[in-house]
Amino acid sequence: MYNQKKTLYTEDGDILNEKHRNLTLKGTTANKGIAFGKISFLKRVASEFDKVKIRSINAECERFEKARQHAITQLSALYEASLEKLGEQNAVLFQIHQMMLDDPDYVSSINEVIRKEKANAEYAVHKVALRFEKQFLEMDNDYMRGRASDVIDISRRINEILMMHAGKIKSKGISFESDGPVILATDDLAPSETVQLDQHTVTGIITTKGSDRSHTAIFARTMGIPTVVCIGSKLTKRYEGKFAIIDANTGTVYIDPDEETILKFNEIKKTDDAQHSHLEEFRGVPTKTRSGRKIRLYANSGSLSDIDLVKASDAEGIGLFRSEYIYLQSKDYPTEDEQFEIYKEVLKGMGDKKVIIRTLDIGADKTAEYFMLKPEDNPAMGLRAIRLCLSNRALFKTQLRALYRASVYGNLSIMVPMITSVEEVTETKKIIEAVKKELKEQHLEFKDEVEFGIMIETPAAALISDELAPYVDFFSIGTNDLTQFTLAADRQNADLVKYLNPYHHSVVRLIEMTIQNGHAAGIWVGICGELASDEHFLGKLIQLGIDEMSVVPSSVLTLRAKIASLG
């Protein structure tokens, strides 16, 4: 062991707590909570596959095809079985997996490996899966990186079927030692594996890889399992069977903790459980301050699969539905009908509750190859969001047509990001009127009156919010971009974190100016972004007169309870 800046390490480089000599591993929180149990590593029937020379290419391609069709049938059954456990909006992932198994690029790539290398189907499936996984992991946005586990999941399923058909294995799936409460450890946990878990046996999940935006993370939150991902190579099988504590509130795993640490986290868990019980008292009640002032407390949503999380959180609506995920998960521009079906499902899923859908915000840190955007030195300030939409009106009209067609299925509001001028707003409204006219001429049903708002996320928009307000029904303040643009600090640059101060007086003054100008024009003003979920800033937001807040689903009950204590 050696000491460096008061941090102790083992010979393997693992961190030891200086005071108690506790071995700790650090990762990323995917679902908060405290969990106790023995570490048990996941065992898979099928994992890696040797390359075997085959006699008949056509016969091997046929083997693969039969296994692929069998996998599609299994996924259909898994979808039905998952409806009750995960809810429809999460179970739909297994329908998406069926579509992935039908993807021409995926299928042809496997057949190509079989034909060119004269290799067995198991090897070809595994090789293509790793190639696709690498492509997803190298993408620029969290959502697409989260899809890496999906391609591994469907590929494992096919290979298990291939091996069963060949008589190499008798059963499929996963296993682990389950003598008492278990903290399940693995490289990554696929969605279909997660849904098999019994929450009473598996108290927590830790992974070397993964993403807090993956479907697995979403499932873990739905099932209430504390989860820490992205621990890295420090999580090794030498910890098999060791007692551990997951502190998923901080992303820390304690291996073989001492008695004092165990007692400490027992008390934290008791406090957390008591706090959870207290928060449940605020489920189903209006969000009001002590004086009775009503605040609309909505939730953010990144995809159709988030809807059950939003509903489970008891949010009063969706204050920010990021429509770009539809484009990011597509290999080409999504059609009007494809978008319509998704918006329709979101609106139907939320019933009569408000759903605010943000129009396409592609650009900066969110890109899709088929947009063929030119490289930019500073893409955060480049051709993105409303600028991209107004420069490609056919693209924009397709989305707006889909949104208006879906409007009859729920309580839709539309908001536009990255506004800097009145002209951008008036041009957008002209396109909306043209879309409504087309739909009327085509005898397609839509709601004529759909609430229309804009995001205030540039200093320009905040400074002219008095000029913008007469053209819109509401403002939504996007604090993440507003902070980076106001303070000239790129939020994608880790070296500039210390400059990204959302409490900076300039940022707060712009928020205050926006609220005052909105109210003077008779419109409501909301806020989204990380600052909306900040309990420490909540009192200031209430004082400034904010009307609506859109937050991560897990914060809804916490903030409702906090608001009830404010004046």
Side-chain angles (χ1 to χ4, degrees), residues 75 79 82-83 86-100 102-103 141-144 146-147 150 191 213-215 218-219 222 298-312 315 317-362 366 368 370-371 385 388-389 392 394-417 432 435 439 444-447 450-451 550 553:
L75 286 165
Y79 165 76
S82 302
L83 284 172
L86 297 175
E88 184 174 1
Q89 302 304 332
N90 283 329
V92 75
L93 172 66
F94 299 116
Q95 292 182 322
I96 294 171
H97 278 195
Q98 292 176 62
M99 290 187 283
M100 290 176 73
D102 276 328
D103 180 77
N141 65 85
D142 289 340
Y143 179 84
M144 294 307 290
R147 304 292 69 75
D150 294 331
R213 294 293 303 277
S214 70
H215 285 297
I218 292 169
F219 286 8
T222 303
Y298 296 163
N300 299 332
S301 173
S303 70
L304 182 59
S305 62
D306 286 349
I307 303 305
D308 271 354
L309 280 178
V310 171
K311 291 162 73 173
I318 294 177
L320 170 61
F321 182 86
R322 301 178 178 92
S323 67
E324 55 271 14
Y325 100 91
I326 301 168
Y327 297 80
L328 294 173
Q329 71 173 6
S330 178
K331 293 188 176 180
D332 202 350
Y333 295 104
T335 66
E336 178 183 323
D337 284 342
E338 288 170 341
Q339 293 188 64
F340 162 71
E341 290 296 335
I342 294 171
Y343 302 142
K344 172 184 170 182
E345 289 303 310
V346 173
L347 290 164
K348 285 175 67 177
M350 292 301 294
D352 60 355
K353 291 183 177 181
K354 175 73 70 182
V355 176
I356 303 174
I357 297 181
R358 180 175 71 187
T359 57
L360 178 61
D361 190 7
I362 286 284
K366 292 169 288 189
Y370 60 87
F371 274 83
L388 178 64
C389 289
N392 188 340
L395 170 74
F396 199 19
K397 284 182 71 174
T398 297
Q399 180 174 36
L400 290 170
R401 281 177 59 92
L403 284 166
Y404 270 89
R405 285 175 56 196
S407 65
V408 297
Y409 293 95
N411 188 358
L412 172 67
S413 293
I414 296 172
M415 71 176 177
V416 181
I432 287 174
V435 162
L439 293 175
L444 292 171
E445 192 177 3
F446 67 94
K447 280 185 182 176
V450 172
E451 198 175 37
S550 190

Rounded at 0.5 Å granularity, tell me how far [atom1] in [X] sits from [atom2] in [Y].
X: D361; Y: C389; atom1: CG; atom2: SG; result: 8.5 Å
X: Y343; Y: E336; atom1: OH; atom2: CD; result: 10.5 Å
X: S323; Y: M415; atom1: OG; atom2: CE; result: 9.5 Å
X: I356; Y: N411; atom1: CD1; atom2: CG; result: 9.0 Å
X: K354; Y: L347; atom1: NZ; atom2: CG; result: 10.5 Å
X: I342; Y: F321; atom1: CD1; atom2: CZ; result: 7.0 Å

[X] side chain near [Y] side chain, heavy-atom distance below 4.5 Å:
X: R401; Y: L444; answer: yes
X: V310; Y: K353; answer: no
X: L93; Y: H97; answer: yes
X: I96; Y: D150; answer: no
X: T359; Y: Q399; answer: yes
X: I318; Y: V355; answer: yes
X: L388; Y: F371; answer: yes

Open item on the list: Assess the residue pair T398 and Y333 against the criterion (side chain to side chain contact (heavy atoms under 4.5 Å, CB included)); give the C-alpha distance rounded to whole Å, side-chain angles, the decisive distance to 0.1 Å, and a yes or no.
Closed with: CA-CA 10 Å; T398 297; Y333 295 104; over 6 Å; no

TODO: Start with the C-alpha gap between L360 and I326, add the side-chain angles, then the distance that decides, and say whether side chain to side chain contact (heavy atoms under 4.5 Å, CB included) holds.
DONE: CA-CA 9 Å; L360 178 61; I326 301 168; over 6 Å; no

- [ ] Considering only NZ, NE, NH1 and NH2 on the basic side and carboxylate oxygens on the acidic side, decide whether R358 and E324 come within less than 4.0 Å.
- [x]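 Salt bridge: yes.
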
Task: Salt-bridge criterion met for D337 and R405 (N-O under 4.0 Å) - done: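 Looking at D337 and R405, the cut-off is met.
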
Closest contact, heavy atoms only, [X] versus [Y]:
X: S550; Y: N300; value: OG-OD1, 2.5 Å
X: Y370; Y: S330; value: CE2-O, 3.0 Å
X: L412; Y: S407; value: CD2-CB, 3.8 Å
X: K311; Y: G349; value: NZ-O, 3.2 Å

Open item on the list: Would you say Q339 and Y327 are linked by a side-chain donor-acceptor pair, where the criterion is simply a distance under 3.5 Å?
Closed with: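 Result is yes, a qualifying pair exists.
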
Open item on the list: Looking at E445 and V408, would you say the former's side chain and the latter's main chain have a donor-acceptor pair under 3.5 Å?
Closed with: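 Here the side-chain-to-backbone pair does not exist.
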
Open item on the list: With side chain to side chain contact (heavy atoms under 4.5 Å, CB included) as the criterion, how do D103 and K331 come out once you've worked through the C-alpha distance, each side chain's angles and the decisive distance to 0.1 Å?
Closed with: CA-CA 10 Å; D103 180 77; K331 293 188 176 180; 3.1 Å; yes

